[in-house]
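Worksheet for the structure shown next.
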Protein chains: 2
Amino acid sequence: MANIKEIARIAGVSVTTVSRVLNNHPYVSDIKRAAVLNTIEQLNYSRNMNAVHLITGRTGAIAVILPYINLYYFSIVMDGLAHEALNAQYRLILCQSNYAAEEELKVLEMLRNKEIDGVVIVSTALQPEVIEEYTDYGPVITCQDSGERRFSSVYIEHYEAFWDGLQYLSSKGYRKIGYCEGRQNGSSASIRQSAFRAFLSERNLPFREEWMVYDCMTEEDGAGVALSLLDMQDRPEVLIITGDHVAAGLIIEARKHGLRIPEDLAVMGFDNQPIGRLLDITTIDNHLYDMGAAAFRIIHEQIRTGSRVPVHRKLDYEIIERGTV
Amino acid sequence: MANIKEIARIAGVSVTTVSRVLNNHPYVSDIKRAAVLNTIEQLNYSRNMNAVHLITGRTGAIAVILPYINLYYFSIVMDGLAHEALNAQYRLILCQSNYAAEEELKVLEMLRNKEIDGVVIVSTALQPEVIEEYTDYGPVITCQDSGERRFSSVYIEHYEAFWDGLQYLSSKGYRKIGYCEGRQNGSSASIRQSAFRAFLSERNLPFREEWMVYDCMTEEDGAGVALSLLDMQDRPEVLIITGDHVAAGLIIEARKHGLRIPEDLAVMGFDNQPIGRLLDITTIDNHLYDMGAAAFRIIHEQIRTGSRVPVHRKLDYEIIERGTV
DNA sequence: TTGTATGCGTTATCAG
DNA sequence: CTGATAACGCATACAA
């Protein structure tokens with residue numbers, strides 16, 4: 001495979017000139033530029049980017065850590081990231097970690113090894129303290145509120161969003177509110193849960209452990225909740241459920257058994273997924289695409305400018321009023 | 001940042017010895033190994049992988065080209081790829097191309113530039129002839145049947161799968177069969193379409209252009225089809241629909257208007273998505289996860305062995321009998 | 001078992 | 001505008 005030296009020799013110039021042509025530098029005479037371009041064409045030359053990466057210390061790649069790419073939440077964030085990356089001519093390295101901290105750590109090691117220019121973390125397996133140990137090696141951004149850290153973050157206030165959602169339910173006259181949460185290992189789950197408890201207590205609304213469901217992650221889990229509600233003596237009037245697909249499972253199963261939504265049971269979702277629109281589910285849109293896009297823009301800016309000052313960006317959410325409340 | 005030379009100097013050994021320790025080579029005395037490991041620890045040393053990539057000519061990364069990461073089809077294939085990549089300690093570079101051939105070409109250029117060891121194509125924007133121009137630079141695999149090419153492929157026979165699906169419908173006594181296709185730019189769409197036409201003609205079943213729907217990609221599109229069916233004088237008895245989410249949209253909307261499924265209108269889906277299971281949709285599972293996993297294993301093997309002999313692997317599909325037919 | 005010397009392919013530096 | 005030469009950090013052939 002031809003290299004820059006050979007191009008220089010054949011074109012009758014120095015390697016420096018070839019390099020200048022390759023990088024569109026000024027100060028190359030048209031005649032020499034043409035000669036270089038010509039031999040490049042003739043030899044079907046292509047740059048070995050690894051040499052470029054070595055000497056420049058940059059790779060033009062950013063790694064993304066997320067647990068499962070085929071879950072709605074993550075695939076939408078990834079969509080936002082990928083869209084911006086395409087614009088910025090940046091490459092995205094995907095690490096599907098299954099929440100394995102050890103795998104996520106390997107990605108941070110890649111940052112240390114200069115294989116990548118930055119890391120976007122859309123997972124919760126790593127402690128903030130661990131992440132901070134790598135901030136010297138390049139910019140890192142997480143997609144949740146990690147407080148004042150040496151890395152950046154972009155997030156929505158889950159506490160606030162959940163509180164607002166509950167307020168909305170309350171304003172509709174509901175008093176008996178149940179709660180359906182997904183995976184428990186995320187910090188946002190516990191934040192939402194505390195918002196839930198605080199709200200009930202502030203408003204003097206009844207809290208019942210039977211109205212709380214945890215680790216409810218799939219459509220089928222939602223359907224299971226519907227079944228368990230059927231037998232319940234004292235049912236909640238409304239359920240707030242993280243993940244519209246779970247809400248969808250619940251609604252479909254509930255209707256199958258004659259439960260009217262929202263008359264017999266109201267439902268408020270979370271995520272604003274396509275299935276939610278289809279089933280006319282009232283939900284909270286947490287702007288996942290924007291989150292991914294913002295994360296990329298922030299980290300890209302930090303790489304570009306070399307700034308190590310962490311940026312913390314809070315995003316909006318939005319209650320989507322539809323028919324299940 | 002410390003480098004191998006400095007480690008050698010401080011540990012009192014040669015750079016070769018340091019390199020041997022780094023790569024777990026034999027023929028290093030325990031005492032020197034310990035000394036090296038010790039200074040590595042002390043200086044918080046980490047390898048510059050770009051130098052390794054440069055000298056070895058390998059990067060340990062494979063690029064994946066797909067149009068949209070947040071569509072079920074692609075996210076599942078990606079899941080299979082990512083799972084295997086994690087096992088093999090390989091990195092995956094995601095290019096979300098939006099079907100832009102020019103972007104996909106850039107990825108093939110990366111192969112030429114030695115930035116990656118191979119390319120997995122789960123898109124259809126590039127012509128096979130174009131892809132073949134890059135097979136000298138490293139292994140490439142596509143996730144559709146491209147015939148006898150200089151690159152590998154893993155695929156299901158869409159013609160056969162669709163034919164079998166139609167046969168199944170036929171065996172259930174349906175004669176008036178409609179067809180609902182997604183994005184038209186994929187070659188698999190036209191293959192399925194020709195299977196559809198051939199089947200009807202062979203069985204002497206009626207073909208009606210009003211029963212054909214194209215570019216039907218979202219849940220809402222499915223719902224739209226349901227509405228248009230309501231007004232139709234002579235409705236099909238059954239609809240075969242690519243994409244369970246589209247089928248779901250159709251079913252939900254149809255039921256809203258009093259259409260009974262499958263009595264008034266039967267539905268057969270494609271993809272076997274979670275929503276399909278929830279709504280009890282009869283469907284064809286095209287084993288997308290396996291496709292991703294197989295694609296990775298094949299290309300990884302080719303990278304490992306250096307073999308340039310293309311592999312063509314046909315995968316199974318499976319009719320999932322449920323309640324909408 | 002160890003070390004010396006060379007090369008990987010490029011960009012950066014600096015002198016002209 | 002141009003070019004010679006020094007980095008970049010590592011792996012490896014070869015010699016010892």
Side-chain angles (χ1 to χ4, degrees), chain A residues 1-37 39-40 43-61 109-117 137-138 306, chain B residues 1-40 43-61 109-117 137-138:
Chain A
M1 197 66 64
N3 59 20
I4 208 178
K5 212 160 160 183
E6 193 173 349
I7 301 290
R9 188 174 53 76
I10 297 179
V13 300
S14 71
V15 292
T16 310
T17 301
V18 177
S19 178
R20 286 199 178 104
V21 172
L22 250 23
N23 295 287
N24 291 316
H25 277 265
Y27 305 134
V28 179
S29 67
D30 288 348
I31 177 104
K32 296 212 169 185
R33 183 183 302 275
V36 169
L37 252 22
T39 41
I40 282 178
L43 298 195
N44 190 26
Y45 164 80
S46 77
R47 245 191 302 205
N48 184 324
M49 291 307 290
N50 293 316
V52 178
H53 295 164
L54 172 59
I55 193 128
T56 61
R58 288 236 207 134
T59 63
E109 282 294 329
M110 286 173 63
L111 185 63
R112 225 178 135 221
N113 297 340
K114 299 188 178 306
E115 286 186 87
I116 49 180
D117 296 344
Y137 307 117
Chain B
M1 195 65 64
N3 59 21
I4 208 179
K5 210 161 162 183
E6 193 173 349
I7 300 290
R9 187 175 53 77
I10 296 179
V13 299
S14 71
V15 291
T16 311
T17 301
V18 177
S19 177
R20 286 199 178 104
V21 171
L22 249 23
N23 294 288
N24 291 317
H25 277 263
Y27 303 133
V28 179
S29 67
D30 288 348
I31 176 105
K32 296 214 170 185
R33 183 183 302 276
V36 169
L37 253 20
N38 198 27
T39 38
I40 283 178
L43 298 194
N44 189 24
Y45 164 80
S46 77
R47 251 195 295 207
N48 184 324
M49 292 306 290
N50 294 316
V52 178
H53 295 163
L54 173 59
I55 199 151
T56 61
R58 286 231 207 143
T59 63
E109 283 294 330
M110 285 174 64
L111 185 63
R112 221 177 137 223
N113 296 341
K114 301 190 177 304
E115 286 186 87
I116 49 181
D117 296 345
Y137 307 116

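In what follows, chains carry the letters A, B, and so on, assigned in the order in which the sequence lines appear, proteins first and then strands, with residues in each chain numbered from 1.
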Inset, instruction - Round to the nearest Å and state the distance from A/Ile7 atom CD1 to C/dT11 atom P. - result: 12 Å
Legend entry - Gap separating the CD atom of B/Glu115 from the NE2 atom of A/His53, nearest 0.5 angstrom: 4.5 Å
Legend entry - Whole angstrom value for the distance that separates C1' of C/dT11 from CG of A/Asn3: 14 Å
Inset, instruction - Determine the contact category for B/Lys5: base if any of its heavy atoms lies under 4.0 Å from a base atom, sugar-phosphate if only primed atoms, P, OP1 or OP2 are that close, otherwise nothing. - result: nothing
Legend entry - Interatomic distance, A/Leu22 CG vs C/dA12 C1' [rounded to whole Å]: 15 Å
Legend entry - Bend angle of the helix from C/dT1-D/dA16 to C/dG16-D/dC1, from helix axes over five pairs at each end, nearest 10°: 30°
Legend entry - Smallest separation among heavy atoms of A/Ile4 and A/Tyr45, with atom names: N-CE1, 4.0 Å
Which donor-acceptor pairs under 3.5 Å do side chains of residues 24-37 of chain B form with protein atoms, sequence neighbours excluded?
| from | atom 1 | to | atom 2 | distance (Å) |
| --- | --- | --- | --- | --- |
| B/Ser29 | OG | B/Lys32 | N | 3.4 |
| B/Arg33 | NH2 | B/His25 | O | 3.2 |

Legend entry - Rounded distance [0.5 Å steps], CG in B/Leu22 versus CD1 in B/Ile7: 8.5 Å
Legend entry - Any A/Asn48 side-chain nitrogen or oxygen under 4.0 Å from OP1 or OP2 of C/dG9: no
Legend entry - All side chain to side chain contact (heavy atoms under 4.5 Å, CB included) counterparts of B/Ile10, not counting sequence neighbours: B/Glu6, B/Thr39, B/Leu43
Legend entry - Sub-4.0 Å heavy-atom contacts from residues 50-61 of chain B onto DNA chain C, ordered by number: B/Leu54, B/Ile55
Inset, instruction - Identify, with sequence neighbours excluded, every residue that meets side chain to side chain contact (heavy atoms under 4.5 Å, CB included) alongside A/Asn48. - result: A/Asn50, B/Leu54, B/Lys114
Legend entry - Partners passing salt bridge (charged side-chain N to carboxylate O under 4.0 Å, His left out) against A/Arg47 (at least two apart in sequence or in another chain): none
Inset, instruction - For DNA chain C, find the residues of residues 23-31 of chain B with a heavy-atom distance under 4.0 Å and give them by number; none if there aren't any. - result: B/Tyr27, B/Val28, B/Ser29
Legend entry - Listed partners of A/Arg58 passing side chain to side chain contact (heavy atoms under 4.5 Å, CB included), at least two apart: A/Thr56, A/Tyr90, A/Asp117, A/Ile303
Legend entry - Nucleic acid contacts - residues 13-20 of chain B versus DNA chain D, non-hydrogen atoms under 4.0 Å: B/Thr16, B/Ser19
Inset, instruction - Not counting sequence neighbours, which residues clear salt bridge (charged side-chain N to carboxylate O under 4.0 Å, His left out) with B/Glu109? List them please. - result: B/Arg112
Legend entry - First and last nucleotide of DNA chain D, 5' to 3', lying under 4.0 Å from heavy atoms of chain A: D/dC1 to D/dG9
For residues 11-20 of chain A, please give each side-chain donor-acceptor pair under 3.5 Å, one per line with the distance, not counting sequence neighbours.
| from | atom 1 | to | atom 2 | distance (Å) |
| --- | --- | --- | --- | --- |
| A/Ser14 | OG | A/Thr16 | N | 3.4 |
| A/Ser14 | OG | A/Thr17 | N | 3.3 |
| A/Ser14 | OG | A/Thr17 | OG1 | 3.3 |
| A/Ser19 | OG | A/Asn23 | ND2 | 3.4 |

